[in-house]
Amino acid sequence: MLDSVFALAQGFSVAFEPTKLLFALIGVFLGTAVGVLPGIGPALTVALLLPVTFKLDPTGSLIMFAGIYYGGMYGGSTTSILINTPGESASMITALEGNKMAKAGRGGPALATSAVGSFVAGLIATIGLALFAPWLVEIAIQFGPADYFALMIVAFVTVSATFGDSPLRGLTSLFIGLMLGLVGIDALSGQARLTFGVPELLDGIEVTTLAVGLFAVGEALFVASRMKHAPETIEPVRGSLWMTREDWKRSWKPWLRGTALGFPIGSLPAGGAEIPTFLSYTIEKRLTKHPEEFGKGAIEGVAGPEAANNASAAGTLMPLLTLGLPTSATAAIMLAGFQQYGLNPGPLLFAERPDLVWGLIASLFIANVMLVILNLPLIGLWVRLLAIPQPWLYAGILVFAAMGTIAANPSPVELVMLAVFGLLGFVMRRYDYPIAPMVVGLILGPMAETQLRRALQISLGDPMALIESPLAATLLAIAALALVAPVLFRGLSRFKAEED
Amino acid sequence: MTQEEDGRNDGRKRDPVGFAIAAGLLALAGAVARDAMGMGAVSSYAGIGPSAASWAVAAGLAALAAGTIVAAVRGKIPVPEQSDNAAVLTILAGIAAMIATITAGGGFIPAMALLFGLTARGFGRRALATDLGIGVVLGLLVYLGFTKLLALSLPQGPIERLF
Amino acid sequence: MFRSYKSVAGAVAALVVAAGLSTGALGQSLELKIMAPAAPGGGWDQTARAMQAALTESGAVKSAQVVNVPGAGGTVGLAQFVNAKGDGSQLMVNGFVMVGAILTNKSPVTLEQVTPIARLTAENQAIVVPADSPIKSAKDLAEALKADPAKVTWAGGSAGGTDHIMVGLFAKAIGVDPTKINYVPFSGGGEALAAILGGKVTAGVSGYGEFEGQVKAGKLRLIAIAAEEPVQGIDAPTLKSEGIDLAIVNWRSVVAPPGLSDEQKKALLEAIDKMVKSNQWQETLKAKGWDDAYLAGDDFAAYLKNEQVRVGEVLKSIGLVN
């Protein structure tokens with residue numbers, strides 16, 4: 001471990017040259033600028049900007065690359081908070097509370113807690129990466145399909161946090177999401193499901209198309225429908241633009257808890273960035289002292305998931321660097337990037353090219369700092385966006401939503417889906433159906449199904465395989481407890497009330 | 001929207017909306033089930049094939065349809081506030097015009113101008129010409145940024161080919 | 001789009017003059033549109049963008065633009081591509097994966113409808129087992145498969161993809177019923193690799209590049225590659241040398257729209273030929289670790305036909321296509 005610290009110091013000495021710092025700044029700027037375009041998540045941002053970095057020397061390009069990566073991540077959260085348009089599935093949860101905050105004039109604190117939370121999470125996770133990577137990765141590898149399935153079940157149980165006040169409507173939303181998850185080619189058998197002969201549906205439904213349709217388009221329609229009777233008021237700034245003492249007090253624990261969830265789950269080869277954000281949201285909702293604010297703009301609901309998202313991104317670097325395993329779309333693009341610099345991630349990387357590895361880790365630290373330096377002053381500018389007259393603001397949001405959808409997949413079918421999901425989002429809002437469970441269903445459904453069938457296929461159909469692994473058994477027990485506990489508590493408190 | 005859900009059902013008749021939602025859910029369940037029936041039996045060592053999840057989802061949707069009917073009978077479906085349908089239809093027309101323009105090869109910039117102009121109109125603006133103009137400028141900026149700086153392709157029409 | 005490339009054209013002209021090259025005027029005036037029938041970032045997209053750079057920098061064409069049309073193993077892009085009948089300024093990147101995807105997705109448009117131009121790159125397919133596996137060679141693996149095909153679990157890429165086809169061919173080559181293989185598809189290389197490293201499956205199949213790092217670090221045992229001849233730098237026997245009659249490579253190629261005139265076809269062939277022989281292209285191959293598998297014109301057309309037949313047969317015998 002001492003070796004690690006020494007090597008990291010060496011990495012910093014390279015990364016701290018003024019020109020390198022400038023590259024980091026440029027990278028963060030470009031990443032943020034492209035990342036704020038809705039529909040363009042960090043993976044596409046990195047893919048699009050990768051060629052820019054090729055012109056530099058390896059260390060310079062690596063640093064700029066780290067900057068683009070963090071900038072792209074943060075840019076996605078910015079659109080989630082400001083215009084309810086998540087650029088990627090992992091910042092969907094951020095939109096739930098963040099956009100409510102923004103509309104109530106608290107966009108400044110929401111963006112700030114997101115930036116600082118990302119910084120704290122990135123910092124801690126990068127330290128974790130530097131110190132424990134080779135050791136943690138051995139554990140991560142032991143995760144089999146049954147363990148993943150159990151993890152998905154835990155995530156499913158937590159979805160109820162997004163249900164609002166009616167389990168019936170929450171479940172309906174979730175099941176429509178699960179149905180949408182069936183669409184496309186089944187990963188294990190190659191069979192097409194619910195595609196109705198439309199080739200564009202064979203790849204399934206894009207999470208961002210659903211999220212942008214339901215959130216941004218649906219919201220625009222809903223607000224327009226109420227213009228005359230109950231006009232929406234958007235306040236760009238109300239109270240402090242910056243986080244107050246209270247905001248800090250309410251944010252720091254969610255940051256740490258989000259990091260604690262995001263880093264380990266992100267480092268699992270099939271963990272993903274979405275599950276930790278779901279879990280974080282649920283935990284913060286349970287633990288908060290202001291439960292009445294959830295659903296109306298609770299800062300904990302932004303701080304936790306944002307930290308979880310960023311920590312999981314650092315987590316995905318662990319299997320990538322130590323094993324050469326790209327475990328997310330972004331990681332796959334990063335792998336392509338590393339190969340351009342002659343870096344072949346894998347078990348030998350730490351031994352063969354320590355300079356580059358530690359240089360990268362140092363770059364991540366610096367990019368993280370640059371992100372905060374660049375973006376905190378920009379917050380004032382961002383929230384001014386909300387001062388645009390409402391007709392133009394929403395017209396602009398729809399243009400950006402359509403643009404992001406076309407840029408990712410230039411097909412009219414995708415745009416029709418965006419419109420249909422927008423209309424669906426509108427109808428659901430009118431009848432008070434929660435929207436988030438549908439997106440969660442689309443994300444989790446296929447993952448859970450694939451892992452379940454994989455586990456059964458390897459065990460030749462023996463269901464005992466699902467609980468044989470101690471880890472899977474523990475996770476399933478947690479899920480059962482989470483499901484039963486609220487009912488028990490409710491019964492208990494009623495019992496108490498009767499005694500009084 | 002529904003601060004006092006329980007307080008609303010007094011003396012109200014059965015809500016037709018609830019039944020419509022239930023019928024919709026049943027229709028979805030039927031479509032999923034039909035699709036599942038059409039799947040060939042794939043021999044797999046897992047014991048369950050691709051249709052298993054379809055059946056589970058279809059069953060869930062059907063159960064939820066039943067639940068919705070019960071809720072509707074009890075009058076528990078929230079009653080939405082008044083809606084300005086003209087505004088919604090104007091915006092939907094904007095989205096439809098955008099899709100039609102792109103599909104017909106009219107290009108990205110006119111499509112975005114139509115979307116912007118009609119959405120702004122839906123939100124109560126009267127100066128359609130001005131808004132279409134703003135839409136053209138916005139579309140142009142986005143188009144140039146995407147195609148020139150990011151080398152991403154966007155749909156082209158007569159205007160886009162000038163650049 | 002095509003009109004503002006004066007600066008590029010100028011640079012290209014300068015390059016051409018400097019190098020003293022003077023091929024047919026037709027090639028240099030080409031303004032190409034290359035379709036990558038996949039999302040940005042993937043293998044086909046990378047190939048298309050590498051082609052774009054090499055084609056313009058080597059002066060083989062005046063300009064080149066990449067268009068991404070993602071979806072369904074490239075079949076969405078293919079369906080769109082064949083509409084450009086007789087257009088000699090369009091190319092599409094494709095490969096082995098598309099041959100299978102057309103069949104499994106029941107695509108109404110097939111590769112019969114395009115004009116084959118050239119095969120460009122290839123990747124060797126490899127079979128690995130965990131380092132502590134009792135299986136030491138391809139023969140051991142064949143024996144295990146013969147003993148009980150259910151108990152040999154294979155990890156690889158998507159259902160009906162190159163890896164799956166290769167496992168089917170492996171079973172067929174040693175006389176085991178291909179419908180009986182226990183193949184577990186994973187999306188993306190990372191997840192499959194993790195399952196193999198974690199010992200969750202018996203064996204893994206993928207491109208050699210995916211396994212290289214682990215093999216060199218001693219965490220995976222490379223038991224065979226599926227090339228025709230032994231490959232320099234890869235320390236493993238071919239399946240053929242182990243007595244298993246199976247050779248397969250994951251190739252990528254470029255095709256043109258249907259209905260081209262002979263001149264149009266010739267111009268594209270010349271442009272690609274010039275690109276393949278350029279320094280830029282050769283350097284890209286090295287940087288990305290792609291093997292040069294250049295095979296042009298009629299030879300490639302014949303090769304493509306042969307692969308289509310072979311893939312069709314295997315997919316039928318695995319039970320993915322009826």
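Side chains included, hydrogens not; waters and symmetry mates left out as well; all remaining heavy atoms used. First the proteins, then the strands, lettered A, B, ... as listed; each starts at 1. The model shown is predicted, which means the values in this text are computed figures rather than measured ones.
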Any sub-3.5 Å donor-acceptor pair from A:R429's side-chain atoms to A:L214's backbone N or O? yes
Give, as side chain, backbone, both or neither, the part of B:I134 having an atom under 4.5 angstrom from any heavy atom of chain A. side chain
Relative to chain A, which segment of B:L138 carries a heavy atom at a distance below 4.5 Å: side chain, backbone, both, or neither? side chain
Do the non-hydrogen side-chain atoms of A:L452 and A:M152 ever get within less than 4.5 Å of each other? no
Heavy-atom pair count under 4.5 Å with chain B, highest-scoring of A:I406, A:L460, A:L221, A:L194: A:L194
Based on non-hydrogen pairs under 4.5 Å, which of B:G139, B:S83, B:A120, B:S54 is most in contact with chain A? B:S83
Please give me the minimum heavy-atom distance between B:I99 and A:A419, naming the atom from each residue. CD1-CB, 4.1 Å
Under 4.5 Å from a heavy atom of chain B, the part of A:L174 involved: neither
A:R169 side chain to A:D432 main-chain N or O, any donor-acceptor pair under 3.5 Å? yes
If you count heavy-atom pairs within less than 4.5 Å of chain A, which of B:L92, B:N85, B:L118 leads? B:L92
Counting only heavy atoms closer than 4.5 Å, note whether B:D84 contacts chain A via side chain, backbone, both or neither. both
What are the two closest heavy atoms between A:S411 and A:E200, and how far apart are they? OG-CG, 3.9 Å
Under the criterion side-chain contact (heavy atoms from CB on, under 4.5 Å), I'd like the reasoning laid out for B:M98 against A:L398: C-alpha separation, chi angles, the key distance, then a yes or no. CA-CA 11 Å; B:M98 181 264 300; A:L398 287 199; over 6 Å; no
Is chain A contacted by the side chain of B:I48, its backbone, both, or neither, given a heavy-atom distance below 4.5 Å? both
Tell me, for A:M227 versus chain B, whether the close heavy atoms (under 4.5 Å) come from the side chain, the backbone, both or neither. side chain
B:I102 versus B:G107, closest heavy-atom pair with distance: CG1-O, 4.1 Å
If you measure from the Lys or Arg side-chain nitrogens to the Asp or Glu carboxylate oxygens, is any gap between B:D131 and B:R121 under 4.0 Å? no
With no hydrogens and no angle check, is any side-chain donor or acceptor of A:S173 less than 3.5 Å from a backbone partner on A:M438? yes
Counting heavy-atom pairs closer than 4.5 Å to chain B, which one of A:R454, A:M179, A:K228 comes out on top? A:M179
A:V416 versus chain B, the contacting section by heavy-atom distance below 4.5 Å: both
Over 60° means perpendicular and under 30° means parallel, so classify the ring planes of B:Y143 and B:F108, tilted if in between. tilted
Let me know if B:I21 has heavy atoms under 4.5 Å from chain A in its side chain, its backbone, both or neither. side chain
B:T68 portion near chain A, given a 4.5 angstrom heavy-atom threshold: both
Using non-hydrogen atoms and a 4.5 Å limit, figure out which bit of A:L393 sits close to chain B: side chain, backbone, both or neither. neither
Contacting moiety of A:L415, where chain B heavy atoms sit under 4.5 Å: both
Would you check if B:I95 and B:L115 make a side-chain contact, meaning some heavy-atom pair closer than 4.5 Å? yes
Interchain contact, B:A71 with chain A, by part (heavy-atom threshold 4.5 Å): side chain
Could you tell me which of B:P155, B:G47, B:A53 has the largest number of non-hydrogen atom pairs under 4.5 Å with chain A? B:A53
Given heavy-atom pairs under 4.5 angstrom as the criterion, report whether the side chain, backbone, both or neither of B:A111 touches chain A. neither
